Amino acid sequence: MSLGEKANNVAFSSMLLSVASMRKADELTISYGAPGIELMEQAGRGVAEKIMQIFPTHTKVLVVCGPGNNGGDGFIAARILLENSYNVMVALLGVADDLKGDAAEAAERWAEPMFSVGEINLEEFDVVIDALFGAGLNRPLDGEALDIVERINAAGKVIVSVDIPSGISGDTGAISGEAVRATHTVTFAAYKPGHFLYPGAAYVGELSVVDIGISPQTIEQVHEGLFANGPGFWQEALPQLEYGSHKYTRGHALVLSGGITATGAARLAARGALRIGAGLVTIAAPPVSVPIHASQLTAIMLREMASVDDLNGIIADKRFNAVVLGPALGVGNGTQELVAAVVKAGRPIVLDADALTSFAGSLDTLARLTEKTDTVVTPHEGEFFRLFNNENEILKGFSKIERAKFAANYLKATVVLKGADTIIAAPDGRVCINTNGTPLLATAGTGDVLAGMIGGLLAQGMSSFEAASAAVWLHAEAARNFGPGLIAEDVPEMLPTVLHKWHVS
Ligand SMILES: NC(=O)C1=CN([C@@H]2O[C@H](COP(=O)(O)OP(=O)(O)OC[C@H]3O[C@@H](n4cnc5c(N)ncnc54)[C@H](O)[C@@H]3O)[C@@H](O)[C@H]2O)[C@H](O)CC1
Ligand SMILES: [K+]
């Protein structure tokens with residue numbers, strides 16, 4: 001199957017491999033008969049081809065090789081570039097005699113001189129290939145390793161990193177001391193979490209993945225449930241419009257509103273739900289807020305909710321098939337009671353903002369509710385820590401992925417842990433890392449819109465993990481399409497452009 005065909009495979013193109021699962025894929029492939037050096041040849045060729053796609057043959061290329069197989073990839077890339085008449089030099093961190101296994105073989109195949117990193121002047125080159133460290137990085141860079149990374153970053157050249165920018169952890173995106181700021185990163189077989197998690201995501205530059213002969217079957221075999229978020233992952237699960245569609249087949253989302261000074265959040269959420277395709281959307285509001293909403297709503301409907309009894313009366317109508325609670329709903333027991341009432345009705349729910357903060361300090365009360373119905377919770381870091389502040393002992397040292405997984409398991413809910421690199425974690429252990437986050441979303445009310453968008457997809461029958469992943473990606477894509485000056489009200493209105501661009505009916 002060509003990479004192009006594989007990319008069409010919904011799950012495959014989004015599968016992320018941890019460093020350990022990549023190593024297992026490597027070992028399995030070798031055990032099936034492909035020698036390691038062959039994988040390295042294909043890896044090095046993938047890097048060389050990226051250079052050849054972009055730069056003319058008179059480009060002066062310096063390949064900086066580390067002491068392991070990342071360096072091995074570098075030697076192969078250097079040889080292939082030289083065979084294609086590129087002007088190439090190789091500098092080695094360490095000594096050639098210390099090279100082992102495939103890296104030593106790759107160095108053997110580089111028949112030209114090898115310089116030490118101390119001998120070369122970066123100014124003489126146009127492009128630097130960073131083949132210092134990849135999956136084997138196991139401690140902060142120091143000494144000569146740190147020095148050459150700092151020199152590479154200071155040289156102002158185009159930098160192509162092999163597998164992952166040196167100094168970045170493939171699993172967490174964390175920086176070990178310093179890291180190469182790549183212009184491009186070419187990785188192998190599958191993307192790694194560190195390519196999408198900050199700060200690593202800011203160091204990879206333009207990211208591409210090349211096939212090195214590890215089969216999709218092997219990748220699926222070692223895959224541990226980590227996905228990169230994008231249309232490739234959930235497009236097939238998105239509700240599609242059929243000729244028979246009418247507003248009732250597209251679901252009815254209910255959004256609960258706060259009091260008279262806090263009605264905008266509910267309208268933002270409701271608009272997000274409507275724009276993402278819910279057939280009907282209703283806001284349930286306290287009597288004081290009803291006239292405020294009434295003067296501003298058109299397609300979105302409005303019901304008065306003076307008490308929990310009123311809410312029970314409203315959701316007795318089973319056509320309300322998704323409920324969004326939280327945006328400016330108010331913090332306290334009142335909100336806890338509203339959440340409990342909706343859980344009792346057994347509808348899929350989205351809990352955001354105040355519906356989460358209201359349970360700070362009573363996490364188990366929340367867990368007993370969320371385990372009863374299909375739930376998506378959408379905390380940002382602050383809300384997460386308020387909710388899980390008693391679990392700090394356990395969570396200390398946890399990565400962002402591990403914290404999201406812990407919460408999803410604890411609450412038996414899909415957790416959207418928002419941030420520059422939003423993580424979506426399902427109770428079954430699957431994790432989706434968002435790939436298109438943008439600081440444009442750092443403006444009041446965008447979280448309300450996201451909660452509504454998730455509710456709108458749940459109303460259309462989409463399952464929680466896929467609905468949350470799709471909404472997170474479409475939400476950021478809408479912001480990117482709008483650009484500078486974005487405010488929350490713009491996000492729902494940009495959705496048609498994004499849905500059209502991604503051919504999502
Ligand atoms: N399927 C695959 O996994 C393939 C991987 N390829 C490439 O191999 C590297 C991983 O190679 P490895 O030898 O395991 O480690 P590195 O080359 O990344 O690191 C080299 C070596 O460096 C030492 N080290 C670690 N941290 C430091 C540090 N901070 N300072 C100094 N030295 C350090 C440590 O001993 C490491 O062993 C992978 O990234 C791919 O590029 C194959 O090419 C294709 C298949
Ligand atoms: K590297």
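Throughout, residue positions are numbered sequentially from 1 according to the sequence presented. These numbers were taken from a predicted model, which means no experiment stands behind them.
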Of all the heavy-atom pairs spanning [X] and [Y], show the shortest one and how long it is.
X      : Y      : value
Phe384 : Ala407 : CE1-CB, 3.6 Å
Leu122 : Val128 : CD2-CG2, 4.1 Å
Ala265 : Pro327 : CB-CB, 3.5 Å
Ala353 : Glu383 : CA-OE2, 3.2 Å
Arg275 : Pro496 : NH1-CG, 3.8 Å
Ala488 : Ala444 : CB-O, 3.2 Å

Spacing of [atom1] belonging to [X] relative to [atom2] belonging to [Y], to within rounding of 0.5 Å:
X      : Y      : atom1 : atom2 : result
Ile212 : Leu39  : CD1   : CG    : 5.0 Å
Glu371 : Tyr410 : CD    : OH    : 10.5 Å
Leu81  : Met52  : CG    : CE    : 5.5 Å
Leu16  : Leu197 : CG    : CG    : 8.5 Å
Ile454 : Ile276 : CD1   : CD1   : 9.0 Å
Arg368 : Lys412 : CZ    : NZ    : 13.5 Å

Looking only at the side chains, is there a donor atom on one of [X] and [Y] sitting less than 3.5 Å from an acceptor on the other?
X      : Y      : result
Thr435 : Asn229 : no
Thr187 : Asp163 : yes
Asp171 : Ser18  : no
Ser161 : Asp130 : yes
Asn481 : Thr497 : no
Glu466 : Ser469 : no
Asn434 : Asn436 : yes

Kindly list each side-chain donor-acceptor pair under 3.5 angstrom involving residues 199-210, sequence neighbours excluded, with atom names and distances?
residue	atom	partner	partner atom	Å
Tyr203	OH	Arg181	NH2	3.1
Glu206	OE2	Lys50	NZ	3.1

Any salt bridge between [X] and [Y], counting N to O under 4.0 Å?
X      : Y      : result
Glu27  : Arg23  : no
Glu393 : Lys396 : yes
Lys418 : Glu381 : no
Asp126 : Lys157 : no
Glu41  : Arg79  : yes

Q | Whether over 12 other heavy atoms sit under 6.0 Å from Lys405 NZ | A |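 Counting neighbours around NZ of Lys405, 12 or fewer heavy atoms of other residues, nucleotides or ligands fall under 6.0 Å, so no.
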
Q. With a cut-off of 6.0 Å (strictly less than), are more than 12 heavy atoms of other residues, nucleotides or ligands near CD of Glu144?
A.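 Incorrect, the count does not exceed 12.
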
Is there a side-chain contact between [X] and [Y] in this structure, where contact means two heavy atoms from C-beta onward sitting under 4.5 Å apart?
X      : Y      : value
Val61  : Met89  : no
Arg45  : Ile76  : no
Thr446 : Leu450 : no
Val376 : Phe465 : no
Val162 : Leu132 : no
Thr59  : Phe125 : no
Met462 : Pro239 : yes
Phe359 : Arg386 : no

**Q.** Audit row: Val377, Val416, side-chain contact (heavy atoms from CB on, under 4.5 Å) steps and yes/no
**A.** CA-CA 6 Å; Val377 297; Val416 177; over 6 Å; no

Q. With a distance cut-off below 6.0 Å to the six-membered ring centre and an angular limit of 45° from the axis, does Arg403 pair with Phe388 as a cation-pi contact?
A. no

Q) When you look at Glu402 and Ser399, which way does the side-chain hydrogen bond (donor to acceptor under 3.5 Å, both in side chains) test go after all the steps? A) CA-CA 5 Å; Glu402 288 155 341; Ser399 72; 3.2 Å; yes

Q. For Trp110, which residues count as a ring-ring contact (aromatic ring centres under 6.0 Å, His included) partner, sequence neighbours excluded?
A. none

